[in-house]
Q: 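Would you mind keeping the following structure in view while I ask a few things?
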2 protein chains.
Amino acid sequence: MIKSAETARERILTAANKLFYAEGIRAVSLDTIAEKAGITKKTVYYHFKSKDDLIEAYLASRDQPNLNQFRKWFGEAEGELPDKVQAIFRQIAVSARHPKWKGCGFLRTAAELANMPGHPAMKVGAGHKKKFEAWMAEEFEVAGIDCAPDLARHIVLLLDGAFSTILVHRDASYAEAAGEAARALVSSAVINQAA
Amino acid sequence: MIKSAETARERILTAANKLFYAEGIRAVSLDTIAEKAGITKKTVYYHFKSKDDLIEAYLASRDQPNLNQFRKWFGEAEGELPDKVQAIFRQIAVSARHPKWKGCGFLRTAAELANMPGHPAMKVGAGHKKKFEAWMAEEFEVAGIDCAPDLARHIVLLLDGAFSTILVHRDASYAEAAGEAARALVSSAVINQAA
DNA sequence: AGAAGTATACTCACCAGTGAATATACTTCA
DNA sequence: TGAAGTATATTCACTGGTGAGTATACTTCT
């Protein structure tokens, strides 16, 4: 029956999500994932062609949820455009203070797979980041800001910088610093627009 | 004899540098490193307590050379303070266009070891990044800029953001975008200082 | 001789992936 | 309708290979 098949596949994906994110791609074996999912490794191979295939599926499963999270933080924030952008960074700081936080799964996977630039998971990761950047650019465009794509890229750089530095220092306040910088850049763009 | 001991140790470290950077920490075995260094694995274990110990030594060996590289780029750049900061990002863009470029070794190692926050290599990596930040802050301080530490942190965020996004997209132009943002932040700080 | 350094040859655990068999449910046709 | 056949989903047990780390012995230099 289709229902139960999807349940098994989802259990694998859920286990992969937790383990890959918590421990890293290469640190986690399919045996471990299978065990956590409560099934046999062969079943993993029934649903996924290979470990690489599962890695790709893991990232793909995070694409929309992550983007929606950012959209929500941005959309629900009070204030003007700079405040709304800053809010994203503030929320990241909050998340990063949770003990289970281990950075951005996309970035960490990219770091681990840096020696395999053509890896399908890398494409998913790059696509995810591009979507975020495009969304930011669109928000800036709608707000009537000049050079919206440039500003969006600057925000992306601060965002990924925040993910990276927080991980290195285990200090979530870097997200707040990034939020200040982002706010300054957006504010300055808003002023230019008015001129 | 000390001389030959250091020679063997250095050969190990050289091999570890190349392989860890090119392939990643967990993707490279000590067998591979020993082979590349032209010695046996046992000799590796004579000079290094464990793989973790070698990972730490690998990062430690990159600390000063990397910092010196940044100092050189900054020091030799023409122009005012914003130009000098921007020059660092321009040079990173140049480096990142080389096919062997695989991001920042410190950041990638931190990503791989995210599940081991107390790992000695993580401390070395965090220390390295702190040194960069402190150096930047000092340069800003000397230039008489207000809130020099804050600005330095913003530059660090853009720098590590550049490393990360270039790696994800395989597009060195992100470094140039980061350089523009950095320039804008420094310029704006210089103006405030004048006021 | 003896200490430092290196090599041979090994252990034990784990890992990605597979072969063969089985259970379950859906389809087809007499 | 119900038996036979087929696709889906799953398990157990395994393989070839590699991983970190080690016991022991040989070499070389002082």
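First the proteins, then the strands, lettered A, B, ... as listed; each starts at 1.
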Q: Taking B:H98 for its side chain and B:K100 for its backbone only, find out whether a donor-acceptor pair lies under 3.5 Å.
A: no

Q: According to a strict under-4.0 Å criterion, is B:K42 in side-chain N/O contact with OP1 or OP2 of C:dT6?
A: no

Q: Donor-acceptor pair, distance only, cut-off 3.5 Å: does the side chain of B:R26 make one with the backbone of A:R26?
A: no

Q: Starting at atom CZ of A:F48, determine the distance to atom C1' of C:dT18, rounded to an integer number of angstrom.
A: 18 Å

Q: Classify the side chain of A:K41 and the base of C:dG17 as holding, or not holding, a donor-acceptor pair under 3.5 Å.
A: yes

Q: Please report the distance, rounded to the nearest Å, between NZ in A:K51 and C1' in C:dC15.
A: 8 Å

Q: Looking at A:D83 and A:E80, would you say the former's side chain and the latter's main chain have a donor-acceptor pair under 3.5 Å?
A: yes

Q: For A:Y45 and D:dT11, give me the distance from atom OH to atom C1', rounded to whole Å.
A: 16 Å

Q: Need one value for B:V44: base, sugar-phosphate or nothing, where a base atom within 4.0 Å counts as base even if backbone is also close, heavy atoms only.
A: nothing

Q: When you check the phosphate oxygens OP1 and OP2 of C:dT6, does a side-chain N or O of B:H47 lie under 4.0 Å from one of them?
A: yes

Q: Give the rounded distance in Å between these two atoms: CG of A:L30 and P of D:dT11.
A: 15 Å

Q: Closest to the B:D31 side chain: C:dA7, D:dT11, D:dG19?
A: D:dG19

Q: Using whole Å, what does the distance between atom P of nucleotide D:dG21 and atom CD1 of B:I12 come to?
A: 14 Å

Q: Whole Å only: how far is the CG atom of B:D53 from the P atom of D:dG21?
A: 10 Å

Q: Distance-only, no hydrogens or angles: does the A:K84 side chain make a donor-acceptor pair with backbone N or O of A:A77 under 3.5 Å?
A: yes

Q: Taking the nucleotide of DNA chain D with the closest heavy atom to each, which residue, B:I25 or A:T40, is nearer the 5' end?
A: A:T40

Q: Below 4.0 angstrom from OP1 or OP2 of C:dG5, is there any side-chain N or O of B:Y46?
A: yes

Q: To the nearest angstrom, how far is B:I39 atom CD1 from C:dA4 atom C1'?
A: 15 Å

Q: Can you work out whether B:T43 or A:R26 has the more 5'-proximal nearest nucleotide on DNA chain C?
A: B:T43

Q: How many whole angstroms separate atom CG of A:L19 from atom C1' of C:dC15?
A: 15 Å

Q: So, B:R108 side chain and B:K102 main chain: donor-acceptor pair closer than 3.5 Å or not?
A: yes

